[in-house]
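Right, one structure below, let's go through it.
Bear in mind the structure is a predicted one, so any value in this text is a computation, not a measurement. Residue numbers start from 1 in every chain, and the chains themselves are labelled A, B, ... in the order their sequence lines are given, proteins ahead of strands.
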Amino acid sequence: MLRTANAPRPASRIRTPTSEAKPGKPAFSRRPAAGVHNADVAVLFDRLADLLEIQGANPFRVRAYRNAARTVGGLPRSVAAMVVEGADLSELPGIGKDLAGKIGEIVETGHLALLDETEKTVPRDLIELLALPGLGPKRVQRLHEELSIDTVGELRRAAETGKIAKLRGFSAEFERKILRDIGRRGAMERRTLLPAAEEIANELTAYLEGTPGVDRVIVAGSYRRRRDTVGDLDVLATSAPESPVMDRFLAFPGATEVLAKGTTRSTIRLRSGLQIDLRVVPGASYGAALVYFTGSKAHNIAIRRIGVGKGLKINEYGVFRDGKRVAGRTEEEVYAKVGLPYIAPELREDRGEIEAAAKGTLPRLIALGDIKGDLHVHTKASDGQDSIEAMAKAARERGYEYIAITDHTKHATIAHGLDSRRLARQLAEIDRVSSRLRGIKIFKSAEVDILGDGSLDLDDGILGELDFAVCAVHSQFDLPRAKQTARILRAMDNPRCTILAHPTGRLLNERLPYDVDMERLIAAARERGCVLELNAQPERLDLTDEHCKMAKDQGVKLAISTDAHSTATLDYMRFGIDQARRGWLEAKDVVNTRGMGELRKLWRR
DNA sequence: GCCGTTTTCGGCCCGACTGTTTTCAGTCG
């Protein structure tokens, strides 16, 4: 359940080539401005929505732009390519004639004239103010009008000199809160990784479960949808009306602040800055409340709208017809009332899951039990902690049929990467371990560095000794998009390159993905029979959910791999499964759900 | 701005909490 503040910030306006955009040309000869990507269109629409909101525009018009941003941002195909082909964009959900035209305009010119116009009256820096808690469009508008505040810096100065408190509707307390929030703005932008969120979620759940009168406690929100990171935790409890659960929640050890306090809803903040919402409802409302509190917001709106069409009102207490509750105890009941089968939380993003549910074409999502092996792990030979034998045994304990040992190669000096000679010795060691270990197949592999020019850092001779190779970029992250893309495409041209590991190189909260044309990588993977990795390390989760879905839609296979550097982190597989489910993946889309024989065929390119 | 087995106009999801509002607007999820 997010606000726009969490949307990625645009680095700068899209470059506008001068040779494009000749008006009056028929559709088939439309030429797109160079490098307009779906994400660019989404950013411009989102920014326009923010500014229109501050301007006090019709909220439904604002929502239309936000929906369009989400639709285009999650599209499996390049919207620029669709424009060039003359596709009818108004067939996309939430895109009408006007927005189709605006998408065309952005694709052809790199600009959105309405946004440029709007920025003349509403400074775009105001969007940053919206990100501060307690500041919505109305207050930002008043600060701008009455105190000429356009930036966070100006807001801070006004607060420090007591000017804000003098405004009607503001107070000295509000002023203090604003100054505090500005101070920790940097920290608040970090989102919490799933393992850290899980630790708190488990602790809090156990803490609340013992409370008298409490029946069930469950963490909902983006945590339950298994997003790669969470902004806050949304906890739902069912209890008897007289239960002291709310007081107990407010006293949770580690809570440093109570941000809101009510009988059915309260919010605390932990020392780490993480916010936790608790919502308490009666047991009869459990299903409806769980749907409501799991979100996403867009999914809920869509579900409720279907309800309205059927004469139903849906809120967190249940499904109501003429004021009478007709469902709400379970999630299945709620979905059934709007004529839909149960939809898994990971899919609830309004990215087509409702339409698929209505048509009966929801994917049969992959589960942890489908996984038959791990195709990317390290040992002491490079930067791992455990031996080949320990890793293989740990894989066997997890019920796997196989594991691939993929230590770094020589260019990764910091990871003590293997050169040809050391790798040859390791392959011999794998043979020795294999000869004495039953019940697990150890594949010979390596995580081969893709050099700056796209060549691999081992020669074909030693590469030929491997069962398959996992290839990855570990250097020169800042190449321009065209060069980065060409570099990786060249690596994929090598028939030894079976799996492309962590394809965007992102590290959550630390390093942005390198600039690469993922649509081209996916197309290239399809043409070459190359497999894309979904790296299950919780700080990577790379590919993203949306890229997974794009790959699946193009018929590209994925490998869900832990990149484990110790036996314990083989368990990260479940985070990869979470992400895969968000990307609509089924067992058949993932190579390491296959048995050994089938796997061997797959990577014989 | 989108959309239509009642509609091309008039709707558009719904409720909790906060603050200074003396009856509700703004914010948030």
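Across all strands, A:Lys177 comes closer than 4.0 Å to no nucleic acid atom at all (heavy-atom distances).
Whole-Å rounding puts the A:Gln275 CD to B:dT27 P distance at 17 Å. As a whole-Å value, the separation of A:Glu53 CD from B:dT27 C1' is 10 Å. Atom CG in A:Leu112 sits roughly 10 Å away from atom P in B:dG1 (whole-Å rounding). Remark: C1' of B:dG1 and CG of A:Leu115 are 16 Å apart, rounded to the nearest angstrom. Here the P atom of nucleotide B:dC28 and the CZ atom of A:Arg66 are 12 Å apart, to the nearest Å.
Pair assignment for B:dT8: none, as no Watson-Crick or G-U wobble contacts are both less than 3.5 Å.
Contacts of A:Glu355 classified as side-chain contact (heavy atoms from CB on, under 4.5 Å), with partners at least two apart in sequence or in another chain: none. Listed by chain and residue number, nothing satisfies the side-chain hydrogen bond (donor to acceptor under 3.5 Å, both in side chains) test with A:Thr118 (two or more places apart in sequence, or in another chain). Applying the salt bridge (Lys or Arg N to Asp or Glu O under 4.0 Å) rule to A:Arg176 yields the partners A:Glu173; only residues at least two apart in sequence or on another chain are considered. Residues passing the salt bridge (Lys or Arg N to Asp or Glu O under 4.0 Å) test with A:Arg70, sequence neighbours excluded: A:Asp350.
Remark: the backbone N or O of A:Gly221 is not paired with any side-chain donor or acceptor of A:Arg227 at under 3.5 angstrom.
Sorted by first and then second residue, the salt bridge (charged side-chain N to carboxylate O under 4.0 Å, His left out) pairs with a member in residues 162-172 of chain A form an empty list; sequence neighbours excluded.
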* Structure fact -> Expected string for nucleotides 11-23 of chain B under the B/S/- scheme (protein heavy atoms, under 4.0 Å, primed atoms plus P, OP1, OP2 as sugar-phosphate) is -BBBSSSS-S---

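Between B:dG29, B:dT27, B:dG1, one nucleotide has an atom nearer to the side chain of A:Asp277 than all others, and that is B:dG29.
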